[in-house]
Amino acid sequence: MTVIALNDVWNACFECMVIVDEEGSVLDLNRSAMRLFSLGPGDFAGVSLCELLGDRSFGRYLKADKETTGISVCIGTQELIANVVPLYRDLEQTRYVIILKNMTQQQQLKYQLQAMNEVKLLYDAVLDELEEGVFVVNTEGRVLFYNRKMGEIDLREPASVRGRRMFDVWPALDEQSNPLLVAMKLSKTLHHRETHFTPNGRAVTTLSRTTPLFVGEQKRGAIQVLRDITEQKQLAESIQQLRKADETKPASPRPLPRQNQTRFRFTDIVYVSREMGHIVEQARRAARSSSSVLIIGETGTGKELFAQSIHNESPRRSAPFIAQNCAALPEGLLEGLLFGTAPGSFTGAVDRPGLFEQANGGTLLLDELNAMSPNLQAKLLRVLQEKKCQRLGSAKVVDVDVRIIATINEDPLEAIRHGRLREDLFYRLSVVNLYIPPLRKRREDIPALIDAFLAKHGRALDVKVTGIDPDVYSHLLAFAWPGNVRQLEHVIEGCLNLMYDDGPIRFEHLPYAFREMIIRQLPDAFPDAPQAVTAPIRLSGSLEQQVARLEQELIRQALRETNGNITKAGERLGISRQHLNYKLKKYGMTKKQA
């Protein structure tokens, strides 16, 4: 039988242990305590523990009859935690075991961790102030960082994205086309430019740079820096238009007739619906006169197409047609652009005719009139009433003969109510009102528009399409199209850009942003789906739980329709086989459960 030497155990302990009497005199120390106090085996006789600790008040813990723990003690630069344990060896005198644990290293790590967290929060705050979107994921596809600007562009709350897997946040994510996943896979930097539509129909143009992240030689993830260049694009187009007008500026004060800068006529308007036929007929009739026209319609419905067609059908067809987006420029620049400038009106001003003078005898299109400031609207109203224009900084008044066509992307009465449109200007411009309905209210026009865009962009890209997959075609017909005809055209053009053969357009050819919008608008996008998919869901549980239940039901239906074929079910759902397997594992499902 092996006898364990308790003295060896006593000296082998990492914690410093000291035995003292009620007066605090040291009776024994283990080897760790000797090293702590720099004492030898015979140096502690008659030494008081309070003297060793440098704390005379420590003696109060030796009067208690029960264990005392968590006593903070400092010896030089070292921080310790002391526990006092009474030992009742006899009835005459109590002994105490003092256990000292060195917390110096743990405290240093704690302070370092706290400092690192503060630095991280500071970096997060700095990145949130950037005007570029920043998106960082690790090699597992988990979102490490997603700043405020990225959330504004993508219409998502950053807190709802950080820390989650990309496939959970974006169910329709395509591993083969997502820049972050592709950059990690190829280990190279990718540059990308994209125009997509937000759910409210606004076109957003972005530039992105996606780079894999390495720590030493090991790949750790990828970062995407995205910049919204929508305003810069609009401003560049306006400046380009202004330069073209400058190049063709005639020498005489009154511009001579010149060929207008238009592309569209009424024959270019594609429709089959009776409602659109009635609107086109109204526009043809309005083209015969020089009365002002107000075109009302959501973004992307084709308001400028109607404006150019009216001009080209009118007696002014051989005169200039000039279009100006009122939302693209600040008030000061827009005022000088409309009315012209004279030298000295402001620093750097030159003698330049305004758009009213340049469009003299022709038509001036004022796009998004409700974006113009009320002050500038008042000046515009005076020019329309007096038919006279005065350049900024000049006393000379010039007669102008210009037909005004204005567009507005909201209900004009609502714009008047909220102060975005002057009521008197509305009455002056709305001699003829044309309301272009959104695409979702004239769905019978969608097939004709799809055919027209396939032919147009097929010729331009030299791509031959044999048709559209029936499921994809049903999605196109059922989608709500917040960006209207413009969005439909961009989707078709995007599909043709991604095709490598002459086959039909399939689900994987659809732009990623459009697929994401289909998922978000599932009830509208699948009106003919079985009742199990489209039936109203009772509000039981959180939003995340309800989305998970709906996702499981969609997976079950896809597996039933494909007889349990994982690959075909993934294609039907618009996700990869690996992504579908991940979903099955996540929800604890098997293909036999369908």
Side-chain angles (χ1 to χ4, degrees), residues 123 127-128 130-156 158 161-198 203-233 236 457 461 463 487 490-501 505-519 570 574-579 582:
Y123 285 159
L127 292 174
D128 272 335
L130 295 178
E131 286 304 313
E132 290 81 19
V134 180
F135 189 2
V136 183
V137 298
N138 63 12
T139 53
E140 298 175 355
R142 191 172 297 278
V143 180
L144 300 181
F145 187 76
Y146 187 91
N147 74 341
R148 171 191 57 80
K149 185 63 178 180
M150 183 66 78
E152 291 178 0
I153 296 173
D154 201 27
L155 297 181
R156 291 183 184 273
V161 177
R162 295 178 184 177
R164 299 179 61 190
R165 282 177 55 87
M166 294 175 68
F167 290 118
D168 293 335
V169 181
W170 294 276
L173 189 69
D174 186 358
E175 298 178 25
Q176 306 303 321
S177 61
N178 180 265
L180 286 162
L181 299 180
V182 174
M184 279 194 291
K185 182 179 180 181
L186 301 179
S187 297
K188 69 176 186 178
T189 299
L190 304 177
H191 297 270
H192 188 60
R193 173 171 175 159
E194 180 184 16
T195 298
H196 67 275
F197 289 83
T198 62
V204 177
T205 303
T206 58
L207 285 177
S208 65
R209 182 175 183 269
T210 310
T211 305
L213 297 176
F214 290 87
V215 177
E217 298 295 327
Q218 192 169 5
K219 191 186 304 180
R220 291 295 188 182
I223 179 174
Q224 182 180 61
V225 179
L226 187 145
R227 177 178 298 175
D228 185 350
I229 61 168
T230 306
E231 293 184 2
Q232 292 93 321
K233 179 183 176 184
H457 296 291
L461 299 173
V463 174
Q487 184 182 14
H490 286 183
V491 168
I492 297 298
E493 183 181 2
C495 291
L496 296 180
N497 273 280
L498 296 179
M499 296 191 68
Y500 298 102
D501 50 33
I505 293 176
R506 296 185 296 274
F507 197 81
E508 58 266 26
H509 295 139
L510 295 175
Y512 164 72
F514 179 66
R515 280 181 287 172
E516 182 75 8
M517 294 180 73
I518 287 181
I519 297 299
I575 60 179
S576 65
R577 176 187 176 91
Q578 293 82 357
H579 191 186
Y582 161 74

Hey, what do you get for [atom1] ([X]) to [atom2] ([Y]), rounding to the nearest 0.5 Å?
X: Tyr123; Y: Asp128; atom1: OH; atom2: CG; answer: 15.0 Å
X: Ser208; Y: Ile223; atom1: OG; atom2: CD1; answer: 12.0 Å
X: Asp228; Y: Met150; atom1: CG; atom2: CE; answer: 11.0 Å
X: Thr139; Y: Met184; atom1: OG1; atom2: CE; answer: 7.0 Å
X: Thr211; Y: Leu180; atom1: OG1; atom2: CG; answer: 10.0 Å
X: Asn178; Y: Thr210; atom1: CG; atom2: OG1; answer: 8.0 Å

Are any non-hydrogen side-chain atoms of [X] and [Y] less than 4.5 angstrom apart?
X: Gln224; Y: His192; value: no
X: Phe145; Y: Val134; value: yes
X: Val136; Y: Leu213; value: yes

Looking only at non-hydrogen atoms, find the nearest pair between [X] and [Y] and report the distance.
X: Pro179; Y: Leu190; value: O-CD1, 3.7 Å
X: Gly494; Y: Pro511; value: CA-CG, 4.5 Å
X: Leu510; Y: Arg515; value: O-NE, 3.2 Å
X: Asn497; Y: Leu461; value: ND2-CD1, 3.6 Å

*Only one of Val225, Leu226, Ile153, Thr206 passes side-chain contact (heavy atoms from CB on, under 4.5 Å) with Glu132; say which it is.*
Val225

Applying salt bridge (charged side-chain N to carboxylate O under 4.0 Å, His left out), can you list everything that pairs with [X], at least two apart in sequence or on another chain?
X: Glu175; value: none
X: Asp168; value: Lys583, Lys586
X: Arg209; value: none

_side chain to side chain donor-acceptor pair (under 3.5 Å) contacts touching residues 141-153 (sequence neighbours left out)_ = Tyr146-Asp154, Arg148-Glu152

_Under 3.5 Å donor-acceptor, His509 side chain and Arg506 backbone_ = yes

*Mind checking ring pair (Phe, Tyr, Trp, His ring centres under 6.0 Å) for Tyr512 and listing every partner two or more places apart, or none if nothing turns up?*
none

_Which residues pass the ring pair (Phe, Tyr, Trp, His ring centres under 6.0 Å) test with His457, not counting sequence neighbours?_
none

